[in-house]
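Reading through the structure tokens given below for one structure.
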Amino acid sequence: MKTIHRLEIVVAESDYDCTTGLLALEASFGWEEQSLPTGETRFRVHCEQKDFLERLQRLLKQAVPAAESALSELEETDWLAAWRQFFTPVCCGKQFVVLPPWLADTPDFPGRTPILIEPKSAFGTGHHATTALCLRVVSDLLEAGRLQAGQHFLDLGTGSGVLGIGCCKSGLTGEGLDIDPLAVDNALENRVLNAVAPENFTVAEGSIGAVAGKRFDLVLANILARPLTEMAADIVRACRPGGCLVLSGLLEIQADGVAAAYRAQGLPEPRRIIDGEWAALVWDSIN
């Protein structure tokens, strides 16, 4: 039976920001977070690869010496039972619904395109606002006719592959890239789960440099503010004239800085779509 590994971390309020910063850099696929009555915060990171969590624990000890941490194991049956309680369907825009495999045959969402996501460590089950925001934008662009079957997309920071799979199920073809090999494995698994042909959605480990010289009708980049800013020139170059660009993974307070980096590349002010504290930046047509 498959084993899921858990790293549990407890930190004082004074170490909260440093811990979340480390997790955002090293475990961008996500984590559980719980406020304790003591004022401390408990984090839980789950992963099939024990060595990944051991490395994360070592980095934590260097960055936050006062943090308490412990590694443990969960049987797959316990893990899946927990996910069944948490992983509920997520409707995104008018087009999509993200579902776990055990709800693949549900009749509850007529007219929506189902995207099946196996709950693993990769970021992108649809529950996080940034993933839902991106799918909502793709849905709106499809409805407006800005995206059409036969066009080509790039899903940068593909995570679970949820955005790329949604595009493929809408008739587009494209490429998914992620610097995290765990995410690549999960995206490949979800590609099979959704019966998306490999030639329609290629998935590989890498970043924007892996597609240098290529241009796409749609570029999706749901990552973090800093890499979005640093890669602005390369991301803009990957956009075909008349194509669409969607950036997310941003806090609303980070949107101004990221937008400025893209204006410096000659783009106009983007549309902003806000969901709580999170934002997506959208260019409907790149000239």
Side-chain angles (χ1 to χ4, degrees), residues 1-88 90 98 100-102 117-132 157-162 178-190 205 222-227 249 251 276-278:
M1 182 174 291
K2 192 180 296 182
T3 299
I4 301 294
H5 300 276
R6 168 191 284 171
L7 176 61
E8 184 166 292
I9 303 163
V10 177
V11 300
E13 183 179 1
S14 58
D15 289 324
Y16 175 85
D17 289 342
C18 186
T19 304
T20 54
L22 175 66
L23 292 176
L25 289 172
E26 301 294 336
S28 58
F29 49 76
W31 59 85
E32 296 178 28
E33 189 172 321
Q34 179 186 9
S35 297
L36 302 177
T38 59
E40 298 170 307
T41 301
R42 175 186 290 126
F43 300 91
R44 290 192 178 109
V45 185
H46 295 93
C47 184
E48 291 179 8
Q49 283 77 14
K50 185 178 181 181
D51 57 349
F52 174 86
L53 293 181
E54 288 174 337
R55 174 181 174 275
L56 180 58
Q57 189 177 36
R58 290 194 297 271
L59 291 173
L60 175 72
K61 288 178 180 178
Q62 294 171 9
V64 189
E68 299 177 8
S69 64
L71 276 168
S72 59
E73 295 181 355
L74 297 174
E75 294 294 341
E76 185 179 33
T77 51
D78 297 330
W79 170 253
L80 290 177
W83 264 108
R84 284 175 185 263
Q85 293 179 1
F86 171 74
F87 197 158
T88 52
V90 181
V98 182
W102 54 86
I117 296 298
E118 185 68 47
K120 291 287 185 69
S121 58
F123 185 83
T125 63
H127 287 82
H128 196 279
T130 60
T131 306
T158 192
S160 67
V162 60
D178 205 294
I179 60 173
D180 183 354
L182 303 181
V184 172
D185 289 345
N186 193 197
L188 291 170
E189 183 177 6
N190 288 322
E205 187 175 344
N222 182 23
I223 41 181
L224 295 171
R226 182 173 178 178
L251 292 168
E277 62 182 345
W278 299 96

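By convention here, the first residue in the shown sequence is residue 1.
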Considering all heavy atoms of both residues, which atom of [X] and which atom of [Y] are nearest to each other, and what is their separation?
X: A63; Y: C18; result: O-SG, 3.8 Å
X: E40; Y: A12; result: CG-CA, 4.2 Å
X: D178; Y: G157; result: OD2-C, 3.3 Å
X: P101; Y: E118; result: CG-OE1, 3.2 Å
X: C47; Y: L182; result: SG-CD1, 3.5 Å

Show, in sequence, the C-alpha distance, side-chain angles and deciding distance for T19 and T41, and conclude whether the side-chain contact (heavy atoms from CB on, under 4.5 Å) test is met. CA-CA 10 Å; T19 304; T41 301; over 6 Å; no

Rounded to the nearest 0.5 Å, how far does [atom2] of [Y] lie from [atom1] of [X]?
X: L22; Y: Q62; atom1: CG; atom2: CD; value: 9.5 Å
X: Q49; Y: R55; atom1: CD; atom2: CZ; value: 13.5 Å
X: E26; Y: L59; atom1: CD; atom2: CG; value: 5.0 Å
X: I9; Y: R42; atom1: CD1; atom2: CZ; value: 11.5 Å
X: D185; Y: N190; atom1: CG; atom2: CG; value: 11.0 Å
X: I117; Y: S160; atom1: CD1; atom2: OG; value: 4.0 Å

Q) Is there a side-chain contact between Q34 and R44, using heavy atoms and a 4.5 Å cut-off? A) yes

Walk me through it: do V45 and L23 pass the test side-chain contact (heavy atoms from CB on, under 4.5 Å)?
CA-CA 9 Å; V45 185; L23 292 176; 4.0 Å; yes

For I179, I'd like to know if atom CD1 has over 12 heavy atoms of other residues, nucleotides or ligands within 6.0 Å. no

- Message: Looking at E13, I want to see if its CD is surrounded by more than 12 non-hydrogen atoms of other residues, nucleotides or ligands under 6.0 Å.
- Response: no

side-chain hydrogen bond (donor to acceptor under 3.5 Å, both in side chains) filter on R58, not counting sequence neighbours, yields none

For E277, the side chain to side chain contact (heavy atoms under 4.5 Å, CB included) test, sequence neighbours excluded, returns L251

*asked:* The test is side-chain contact (heavy atoms from CB on, under 4.5 Å); show your working for L7 and F43 and say whether it passes.
replied: CA-CA 8 Å; L7 176 61; F43 300 91; over 6 Å; no

Quiz prompt | Check against side-chain contact (heavy atoms from CB on, under 4.5 Å), L188 and V184 | solution = CA-CA 6 Å; L188 291 170; V184 172; 4.0 Å; yes

